[in-house]
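Just so it is clear: chains get the letters A, B, ... in the order the sequence lines come, proteins before strands, and each one is counted from 1. Side chains are part of it too, since the values below use all heavy atoms of this structure and drop only hydrogens, waters and symmetry mates.
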Amino acid sequence: MLDLRFVVENRDRVVEMLGRRGLSVDAILAAGDPWALDAERRSVLQKVEQLRHRQRLAGEEIARRGKAGQDASELKADMKGVAEEVKALDGRLQDAEARLGQLMLVLPNLPDPSVPVGPDASANQEVRRVGEPPQLGFTPKAHWDIGTRLGILDFDRAAKISGARFAVYFGAGARLERALIQFMLDLHTKERGYREVIPPYLVTAETLLGTGQLPKFEADLFKTRAGEKDLYLIPTAEVPLTALHRDEILEAADLPRRYVAFTPCFRSEAGSYGKDVRGLIRQHQFHKVELVKLTTPETSLAELDSMVADAEEVLKRLGLPYRVVVLCTGDMGFWSAKTYDIEVWLPGQALYREISSCSSCTDYQARRSSIRYRPAPKEKPRYVHTLNGSGLAVGRTLIAILENGQQADGSVVVPSALRPYMDGLERIV
RNA sequence: GGAGAGGUGGCCGAGUGGUUGAUGGCGCCGGUCUUGAAAACCGGAGUACCGCAAGGUACCGCAGGUUCGAAUCCUGCCCUCUCCGCCA
């Protein structure tokens with residue numbers, strides 16, 4: 001969430017920055033007036049604290065008289081009234097704080113000044129293009145045709161088992177998925193300085209509140225229920241990885257922290273009916289190798305750049321053409337301050353499709369999750385910046401390999417970087 | 001699923017309802033001593049919020065309650081651990 005103090009003291013600026021994201025003042029105020037609520041909160045808080053101070057002094061006096069054998073019944077009677085007053089005011093205070101807290105949870109992050117302003121994806125800006133789309137010399141097929149024909153992907157049987165938006169991988173398909181995972185993890189851990197993590201795939205509501213998926217985006221999640229306990233399937237490893245250091249104060253020397261995790265991801269894809277219904281593009285369950293960093297505010301944008309480079313390196317080594325796009329204010333995620341998407345070329349659709357999204361969330365998640373660091377001994381703790389990025393989405397990488405490596409005879413060439421992970425297999429036939 | 005134990009400051013561990021944000025120990029930081037180090041001794045050290053400031057308030061798993069006053073009493077919840085059962 002945003003820094004309440006900053007919001008209160010910089011009303012115009014906050015309104016302007018949120019406006020860039022398409023959030024009008026009216027829309028903000030419709031959810032509640034943070035400025036009025038904060039004023040209420042402060043004034044009540046001061047009264048409560050004054051009364052509590054009186055209670056404390058009176059308590060000491062009563063104890064003293066008790067020891068000295070003096071009467072304190074009149075003072076006690078007075079303080080009973082004070083206690084009731086405190087209780088009433090405290091109720092008002094808690095009410096104001098609760099409403100303010102809920103309001104702050106539904107305000108998105110402020111965009112970084114460098115982010116282009118725009119209403120939707122059409123205003124995103126291409127940063128660079130790497131690699132050339134392959135000259136296939138025949139009409140390229142979509143991956144679902146390629147994979148089905150090779151017998152390595154099976155959507156019909158997946159539908160039988162689990163319904164729409166699932167896939168079964170067979171043989172070389174399953175092997176290719178596993179090879180990609182291994183390849184990506186090796187790259188990030190051995191060459192890029194990330195520490196490998198296997199986190200829980202089921203998380204609590206508090207965890208999702210900390211990263212921002214809750215309370216606003218519950219419809220996108222799969223929720224499980226076991227007895228009285230509600231747990232959510234992770235939509236991305238960003239959630240458990242970012243939450244690793246919740247309620248902690250890290251040492252400056254520990255930053256940046258770089259984590260990489262391979263996990264399945266689960267998304268309900270509510271509201272995406274009719275979109276990407278075929279193939280592996282949009283599934284309820286998919287694999288992702290996720291990168292997460294905790295950094296100081298000063299280094300976060302540089303670390304974002306290097307994270308993008310880490311994700312790009314996967315594509316470079318696989319020989320897949322791609323471009324990097326900086327998302328405009330209107331297309332960014334709720335908790336992001338700046339996002340780069342990496343889009344891979346898909347010959348089957350003849351367009352670039354998102355295969356990675358790398359964001360700096362500045363201190364937005366850190367504040368919600370209370371992840372801080374101490375800049376120097378004795379100094380006050382500050383919030384870290386949290387960054388996350390796909391490195392990469394495994395299923396979509398497999399799509400790109402099938403579509404870019406497809407041959408006229410229907411076979412698929414395995415990128416040489418992956419062959420060591422597939423017993424030297426050069427071609428899927 | 002059944003039975004039991006426990007959650008206090010970075011860690012360990014005290015705490016009779018009343019100057020207890022909390023004894024003590026370890027670890028940590030500074031100092032004295034020492035050629036240096038160790039030991040010993042002295043001192044320091046949590047987080048958040050309110051306030052221009054002085055200063056104040058809150059926090060002993062969480063939330064309520066009793067009371068003039070709660071780490072301490074009561075209720076509910078959460079978590080951890082042990083044993084039994086079941087199980088990959």
TODO: For nucleotides B:A54 and B:C73, find the distance between their C1' atoms and express it as a whole number of Å.
DONE: 38 Å
Open item on the list: How many whole angstroms separate atom CG of A:L45 from atom P of B:C49?
Closed with: 11 Å
Open item on the list: Taking only the P atom of each, what is the distance from B:A22 to B:C59 in whole angstrom?
Closed with: 14 Å
- [ ] For the pair A:R52 and A:D90, find out whether any cationic side-chain nitrogen is under 4.0 Å from an anionic carboxylate oxygen.
- [x] yes
Open item on the list: Could you tell me how far B:C74 sits from B:U67 if I compare only their P atoms? Round to whole Å.
Closed with: 16 Å
Open item on the list: Any carboxylate oxygen within less than 4.0 angstrom of a Lys/Arg side-chain nitrogen, looking at A:E303 and A:R258?
Closed with: yes
TODO: Using atom CZ of A:R52 as one end and atom C1' of B:G21 as the other, report the distance to the nearest whole Å.
DONE: 16 Å
- [ ] If B:G4 has a Watson-Crick or G-U wobble mate with both distances under 3.5 Å, name it; if not, just say none.
- [x] B:C81
Task: Length of the line joining A:R246:CZ and B:U47:C1', which is rounded to integer Å - done: 17 Å
Task: Counterpart base for B:A40, defined by Watson-Crick or G-U wobble contacts under 3.5 Å - done: B:U32
Task: Euclidean distance for C1', B:C62 against B:C79 (whole angstrom) - done: 10 Å
Task: Nucleotide opposite B:G27 in a Watson-Crick or G-U pair, distances under 3.5 Å - done: none
Open item on the list: Whole angstroms only, please: what is the CG-P distance between A:L250 and B:G10?
Closed with: 14 Å
Task: Rounded interatomic separation in angstrom, taking NZ from A:K76 and P from B:G17 - done: 15 Å
Open item on the list: Under 4.0 Å, counting only non-hydrogen atoms across every strand here, what does A:L75 touch: a base, just sugar-phosphate, or nothing?
Closed with: nothing
Task: Presence of A:H53 side-chain N/O under 4.0 Å of B:U57 phosphate oxygens OP1/OP2 - done: yes
TODO: By nearest nucleotide on RNA chain B, pick out whichever of A:V48 and A:K67 is the more 5' one.
DONE: A:K67
Task: Nearest listed nucleotide, side chain of A:Q46, among B:G21, B:U67, B:C50 - done: B:C50
Task: Short side-chain N/O contact from A:K87 to OP1 or OP2 of B:U66, under 4.0 Å - done: yes
- [ ] Take the protein atom CG of A:L93 and the nucleotide atom P of B:C49, then report the distance between them rounded to whole Å.
- [x] 14 Å
Task: Complement of B:U19, any strand, by Watson-Crick or G-U distances under 3.5 angstrom - done: none
TODO: May I ask you to say what A:R65 touches in the nucleic acid, namely base, sugar-phosphate or nothing, with a heavy-atom cut-off under 4.0 Å?
DONE: nothing
Task: Earlier contact from the 5' end, RNA chain B, for A:E49 and A:I249 - done: A:I249
TODO: Scan every strand shown for a Watson-Crick or G-U wobble partner of B:U67, both distances under 3.5 Å, and answer none if you come up empty.
DONE: none
TODO: Between B:U57, B:U66, B:C68, spot the one nearest the side chain of A:R56, thanks.
DONE: B:U57
TODO: Please check the phosphate of B:A48 (OP1 and OP2 only) for any side-chain N or O of A:R372 closer than 4.0 Å.
DONE: yes
Task: OG on A:S306 to CZ on A:R192, rounded to 0.5 Å - done: 8.5 Å
- [ ] Apply the test side-chain hydrogen bond (donor to acceptor under 3.5 Å, both in side chains) to residues A:N388 and A:S359: give CA-CA distance (whole Å), side-chain angles for both, the deciding distance (0.1 Å), then the verdict.
- [x] CA-CA 6 Å; A:N388 65 79; A:S359 302; 4.7 Å; no
- [ ] Kindly indicate whether the side chain of A:V344, heavy atoms from C-beta on, has any atom under 4.5 Å from the side chain of A:L392.
- [x] no
Open item on the list: For a quick check of understanding: with a heavy-atom distance under 4.0 Å over all strands, which category does A:A83 fall into, base, sugar-phosphate or nothing?
Closed with: sugar-phosphate
Open item on the list: I'd like to know if A:E60 reaches the base of B:G18 with its side chain, counting only an N/O donor and acceptor under 3.5 Å.
Closed with: no
TODO: For B:A71 versus B:G17, give the span between their P atoms, rounded off to a whole number of Å.
DONE: 13 Å
Open item on the list: For B:A58, give the paired nucleotide (Watson-Crick: N1-N3 plus N6-O4 or O6-N4; G-U: N1-O2 and O6-N3; both under 3.5 Å), or none.
Closed with: B:U47
Task: Rounded interatomic separation in angstrom, taking CG from A:D247 and C1' from B:A48 - done: 13 Å
TODO: Find the distance A:R42:CZ to B:G51:C1' and express it as a whole number of Å.
DONE: 10 Å
Open item on the list: Under a 3.5 Å cutoff, is there a donor and acceptor pairing between the side chains of A:Y421 and A:D186?
Closed with: yes
Task: Rounded C1' spacing from B:U82 to B:G9 in Å - done: 27 Å
Open item on the list: Please classify the nucleic acid contact of A:R5 as base, sugar-phosphate, or nothing, using heavy-atom distances under 4.0 Å.
Closed with: sugar-phosphate
TODO: Report the distance from atom CZ of A:R41 to atom CG of A:D95, rounding to the nearest 0.5 Å.
DONE: 13.5 Å
Open item on the list: Please give the distance between the P atoms of B:U32 and B:A37 as a whole number of Å.
Closed with: 11 Å
Open item on the list: Under 3.5 Å, is there a donor on one side chain and an acceptor on the other for A:Q365 and A:T386?
Closed with: yes
TODO: May I ask you to evaluate whether A:R64 reaches the phosphate of B:U19, defined as a side-chain N or O under 4.0 Å from OP1 or OP2?
DONE: no
TODO: May I ask you to say what A:Q94 touches in the nucleic acid, namely base, sugar-phosphate or nothing, with a heavy-atom cut-off under 4.0 Å?
DONE: sugar-phosphate
- [ ] Pick the P atom in B:G65 and in B:C83, then give their distance to the nearest Å.
- [x] 39 Å
Open item on the list: Please classify the nucleic acid contact of A:K47 as base, sugar-phosphate, or nothing, using heavy-atom distances under 4.0 Å.
Closed with: nothing
